[in-house]
Visitor: 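Dropping a structure here in structure tokens format, bear with me for questions.
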Amino acid sequence: MTQNDAIPAARRVALAREPGRPGVSGAVQTLFTDFFEQRGDRLCADDPAVLAGVGLFHGRPVTVLGTRKGADLEENLACHFGMPTPEGYRKALRAMEQAEKFGRPLLTFVDTPGAYPGLEAEARGQGAAIAACLARMSTLSVPLIAVIMGEGGSGGALALAMGNRVLMAENAVYSVLSPEGFASILWKDSSRAGEACGLMKLTAADLLELQVIDRVLPEPDGGAHTDPAAFWRTVDAALREELRRAEKLADPARHRQRRFRAMGNGWLCAGKETI
Amino acid sequence: MNDWFAARRQRMLRLKVRREGERPFAPRLSASEPVFEQCPRCHAAVTRTQWDKNRMVCPECGFHRPVGAYRRLSMVLDEGTFQELDPDLTGTDPLNFPGYGEKLAGLRRRTGLREAAVTARGRIGGMPVIAAVLDSRFMMGSMGVAVGEKIARAAEAAEKARMPLVIFCASGGARMQEGILSLMQMGKTAAAVTRFREKGGLYIAYLTHPTTGGVTASFAMLGDITLAEPEALIGFAGPRVIEQTIGQTLPEGFQRAEYLQEHGFVDAVVPRAEMRNTLAKLLRLHQKGGVRRDAE
């Protein structure tokens, strides 16, 4: 990585949450041509917190999927500040099915604090909707590349991120829960979030070391929002290369299953061998 | 000879149940220990023998108290069929989280468990199964690397042996102390049970109190059949988080087993007394035209 190595984790969390941070809406404008947005879960609603559609990436059709926070307050509220509802995850599921049906690679862009914790969200099966996305991604026969753009919060982020390759912006964070939630659960004190940041191993460098992600996308000094055009050039080049590589996989589904099957196995103690 | 092995297995399971040290199952050590234990809900005075005989369900109000993993297996598996899988598989401390190692060691001493999940091979109503049980006394049944691995291995064992898979869930979700690696176990377990199901395997998820967070959002909600214990709390976000987000108190019965059944996420709410018979019936119904799938 670059000269930005020394940035502390808490600062990265702040950078990842920067309001002007490039996300899936920017990706649609800069990386893809002829983009067509698909809306609705075909069950009851459309959740704007998830963006789904088809576009051309250097001339070849791909399915694009991502979480978005919205550009102004009105959009922020409609998107629950980037926290998808079950309707959002079921729209994502629809996009995954179509990627499979039409043989299109799937590119996902993740920036969410987590899935929306609301009464209706629970009544409509938030857990079941996320589980369905995980299950579907594990069997897709097309290549899936996921990019953690800003916040990768909890199961709500993983629901779009079971990639053959998982890339991560240099100042993005990806964690089991937000640092505030983490501090609140473990110490009953969300004001200790700063302390949590230091412990959680949520930065791109940490996650590369833990082999949770495969590649870090360098950002301009000061963060991706200071020079989005430069950052998108980096993303574009990385995605082209990763896609070319992923398309050579004989069995992308099996590759993905193996990738996640190995997660954390370096930290197991087997004891004596059993049946 | 077979009888000898069966008797040995049964002794083993009884010993494990006893080691769980669960009141009221642990033998009374002295006359000074109380004979009665109040029901946590209706406060009826119930003797320890009554709790024991009634599978930890209050005879007065029907309240289901939590049961340990081995105890659960002893209630559901045919006598003498319990064979534990991966009994010594544990995780370590990937984040070097302060106090985590000591906490694990203490829990291992107190509960007799090695980790929050126990997996086993056995029979229910004569039909072979692979069973996994999460135990809420061990770090709230939370899923870290070891729990995720045990669930994945159970699904693989079921696939290999062509046996149905039954998972008794009880979990606070992903284990915070193992950070992102706990989150990744959601992907691992979801993929493992999905692969098993796609090969034609029957997966029954039995949700017990509480089933929340990353466990709900992965393998718990992926069953071919989903059962739940009465009044079990089942959800993704915890009630406290939701109340804070929406700024109002939640309705009575919200996120309980009955509520999930009403909203279409649970096939049946099954009281503990009927658990074994219901599972045996479901296993019989999935024997594929009477051809035993376990024919070896």
Side-chain angles (χ1 to χ4, degrees), chain A residues 114-119 121-139 152 154-159 161-162 174-177 181-182 184-186 199-202 206-207 210 212 256-257 259-275, chain B residues 83-95 97-98 114 121 144-146 148-149 152 174 176-188 190-195 198 212-214 216-222 234-238 241-242 245-246 250 254-255 259 263-265:
Chain A
Y116 184 64
L119 196 149
E122 290 292 318
R124 296 188 193 131
Q126 186 70 281
I130 293 171
C133 284
L134 298 180
R136 192 64 191 98
M137 280 185 291
S138 75
T139 61
S154 178
L158 182 64
M162 268 177 79
Y174 190 14
S175 55
V176 65
L177 198 60
F182 186 90
S184 164
I185 285 190
L186 284 173
L199 275 173
M200 289 173 80
K201 297 201 178 163
L202 41 64
D206 288 336
L207 298 175
L210 291 172
V212 167
R256 220 174 295 115
Q257 288 163 14
R259 184 183 186 279
F260 282 84
R261 185 65 188 78
M263 284 291 175
N265 288 5
W267 283 271
L268 288 170
C269 299
K272 65 173 193 283
E273 212 28 61
T274 54
I275 311 165
Chain B
Q83 280 177 284
E84 186 163 358
L85 306 173
D86 305 304
D88 298 316
L89 186 77
T90 56
T92 48
D93 184 5
L95 303 189
F97 195 86
R114 303 283 296 147
R121 182 181 173 135
V145 176
E149 180 68 15
M176 293 300 134
Q177 289 86 342
E178 294 183 25
I180 190 83
L181 294 174
S182 300
L183 185 71
M184 293 301 123
Q185 303 310 307
M186 291 172 65
K188 183 195 275 187
V193 299
T194 301
R195 195 174 143 85
E198 298 232 321
T212 60
T216 299
S218 59
F219 63 88
M221 280 293 168
L222 292 172
I234 303 158
F236 178 62
V241 178
I242 301 170
T245 310
I246 63 174
L250 296 166
F254 178 68
Q255 290 185 318
Y259 176 92
H263 283 79
F265 293 100

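Numbered from 1 within each chain, the chains take letters A, B, ... in sequence-line order.
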Visitor: With respect to chain A, which residue among B:A190, B:P94, B:G264 yields the maximal number of heavy-atom pairs within a distance under 4.5 Å?
Guide: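 Greatest number of close heavy-atom pairs with chain A: B:P94.
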Visitor: What part of B:T92 gets within 4.5 angstrom of chain A, counting heavy atoms only: side chain, backbone, both, or neither?
Guide: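 B:T92 touches chain A through backbone and side-chain heavy atoms alike.
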Visitor: Please evaluate residues A:L177 and B:M176 with respect to the criterion side chain to side chain contact (heavy atoms under 4.5 Å, CB included), reporting the C-alpha separation (whole Å), side-chain torsions for both, the decisive distance (0.1 Å), and the verdict.
Guide: CA-CA 8 Å; A:L177 198 60; B:M176 293 300 134; 3.8 Å; yes
Visitor: Does A:Q257 reach the main-chain N or O of A:S138 with its side chain, forming a donor-acceptor pair under 3.5 Å?
Guide: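 Judged by distance alone, yes, a pair lies under 3.5 Å.
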Visitor: How far apart are the closest heavy atoms of A:Y174 and A:A157, and which atoms are they?
Guide: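 Scanning both residues completely, I find the closest heavy atoms to be CE1-CB, 4.2 Å.
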Visitor: Without swapping roles, check the side chain of B:T216 against the backbone of B:G235 for a donor-acceptor pair under 3.5 Å.
Guide: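 Here the side-chain-to-backbone pair exists.
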Visitor: Under 4.5 Å from any heavy atom of chain B, what part of A:R256 do you find: side chain, backbone, both or neither?
Guide: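 Contact with chain B: none, neither part.
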Visitor: Where on A:M200 is there a heavy atom nearer than 4.5 Å to chain B: the side chain, the backbone, both, or neither?
Guide: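 It is the backbone, since no side chain atom gets that close.
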Visitor: Quick check on the interface: out of A:G156, A:A123, A:G125, who has the most heavy-atom pairs with chain B under 4.5 Å?
Guide: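 Among the listed options, the one with the most contacts to chain B is A:A123.
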Visitor: Can you confirm whether B:Q177 sits close enough to B:L95 that some side-chain heavy atom of one is under 4.5 Å from a side-chain heavy atom of the other?
Guide: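 A side-chain contact under 4.5 Å is absent here.
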Visitor: Picking from A:Q126, A:R259, A:K201, A:R261, which has the most non-hydrogen pairs under 4.5 angstrom with chain B?
Guide: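 Looking at each of A:Q126, A:R259, A:K201, A:R261 in turn, A:R261 comes out on top.
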Visitor: Relative to chain B, which segment of A:L199 carries a heavy atom at a distance below 4.5 Å: side chain, backbone, both, or neither?
Guide: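 Contact with chain B is through both the backbone and side chain of A:L199.
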Visitor: For A:A129, is it the side chain, the backbone, both, or neither that has a heavy atom closer than 4.5 Å to a heavy atom of chain B?
Guide: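 Looking at A:A129, nothing touches chain B.
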Visitor: Please flag which part of A:L186 lies under 4.5 Å from any non-hydrogen atom of chain B: side chain, backbone, both or neither.
Guide: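 It is the side chain, since no backbone atom gets that close.
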Visitor: Within the structure provided, determine whether B:K188 and A:N265 are in side-chain contact (heavy-atom separation under 4.5 Å).
Guide: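 Yes, close enough: below the 4.5 Å cut-off.
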Visitor: May I ask you to test the B:M184-A:L158 pair for a side-chain heavy-atom distance under 4.5 Å?
Guide: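 The answer is yes, as the side chains (C-beta and beyond) meet within the 4.5 Å cut-off.
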Visitor: Taking side chain as everything from C-beta outward and backbone as N, CA, C, O, which of these in B:L181 sits under 4.5 Å from a heavy atom of chain A? Side chain, backbone, both or neither.
Guide: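 Side chain only.
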Visitor: Does any non-hydrogen side-chain atom of B:I242 lie less than 4.5 Å from one of B:F254?
Guide: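 The answer is yes; the side chains approach within 4.5 Å.
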Visitor: Counting C-beta onward and ignoring hydrogens, is there a side-chain heavy-atom pair between B:L89 and B:R114 closer than 4.5 Å?
Guide: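 SC-SC contact between B:L89 and B:R114 ruled out.
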Visitor: If I measure from the heavy atoms of chain B, does A:S175 come under 4.5 Å with its side chain, its backbone, both, or neither?
Guide: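 It is the backbone, since no side chain atom gets that close.
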Visitor: If I compare all heavy atoms of A:G118 with all of B:I246, which pair ends up nearest, and what's the gap?
Guide: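 That closest heavy-atom pairing would be CA-CG2, 4.2 Å.
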Visitor: What's the separation between atom CD in B:E149 and atom CE in A:M263, rounded to the nearest 0.5 Å?
Guide: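 B:E149 atom CD to A:M263 atom CE measures 13.0 Å (nearest 0.5 Å).
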Visitor: Measuring heavy-atom distances to chain B, does A:L202 have an atom under 4.5 Å in its side chain, in its backbone, in both, or in neither?
Guide: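 The answer is neither part of A:L202.
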Visitor: Please state whether the side chain, the backbone, both or neither of B:E178 comes within less than 4.5 Å of a heavy atom of chain A.
Guide: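 B:E178 has no heavy atom closer than 4.5 Å to chain A.
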Visitor: Under a 4.5 Å heavy-atom cutoff, which of A:G155, A:A128, A:G266 has the most pairs with chain B?
Guide: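 Winner by heavy-atom pair count: A:A128.
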Visitor: Which bit of A:L268 is near chain B, if near means a heavy-atom gap under 4.5 Å: side chain, backbone, both or neither?
Guide: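 Contact with chain B involves both backbone and side-chain atoms of A:L268.
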Visitor: Would you compute the distance between atom CE of B:M221 and atom CD1 of A:I130 and round it to the nearest 0.5 angstrom?
Guide: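 Answer rounded to 0.5 Å: 11.0 Å.
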Visitor: Please identify, among B:F219, B:F236, B:F97, the residue contributing the most non-hydrogen atom pairs under 4.5 Å to chain A.
Guide: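 Highest number of pairs under 4.5 Å: B:F236.
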Visitor: Determine the option with the most heavy-atom pairs under 4.5 angstrom with chain A, choosing from B:I234, B:I180, B:L250.
Guide: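 That would be B:I180.
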Visitor: Considering only heavy atoms and a distance below 4.5 Å, find which of B:R195, B:Q185, B:M186 pairs most often with chain A.
Guide: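 The answer is B:R195.
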Visitor: When only pairs under 4.5 Å are counted, which of A:A131, A:A132, A:S184 shares the most heavy-atom pairs with chain B?
Guide: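 Counting heavy-atom pairs under 4.5 Å, the top option is A:A131.
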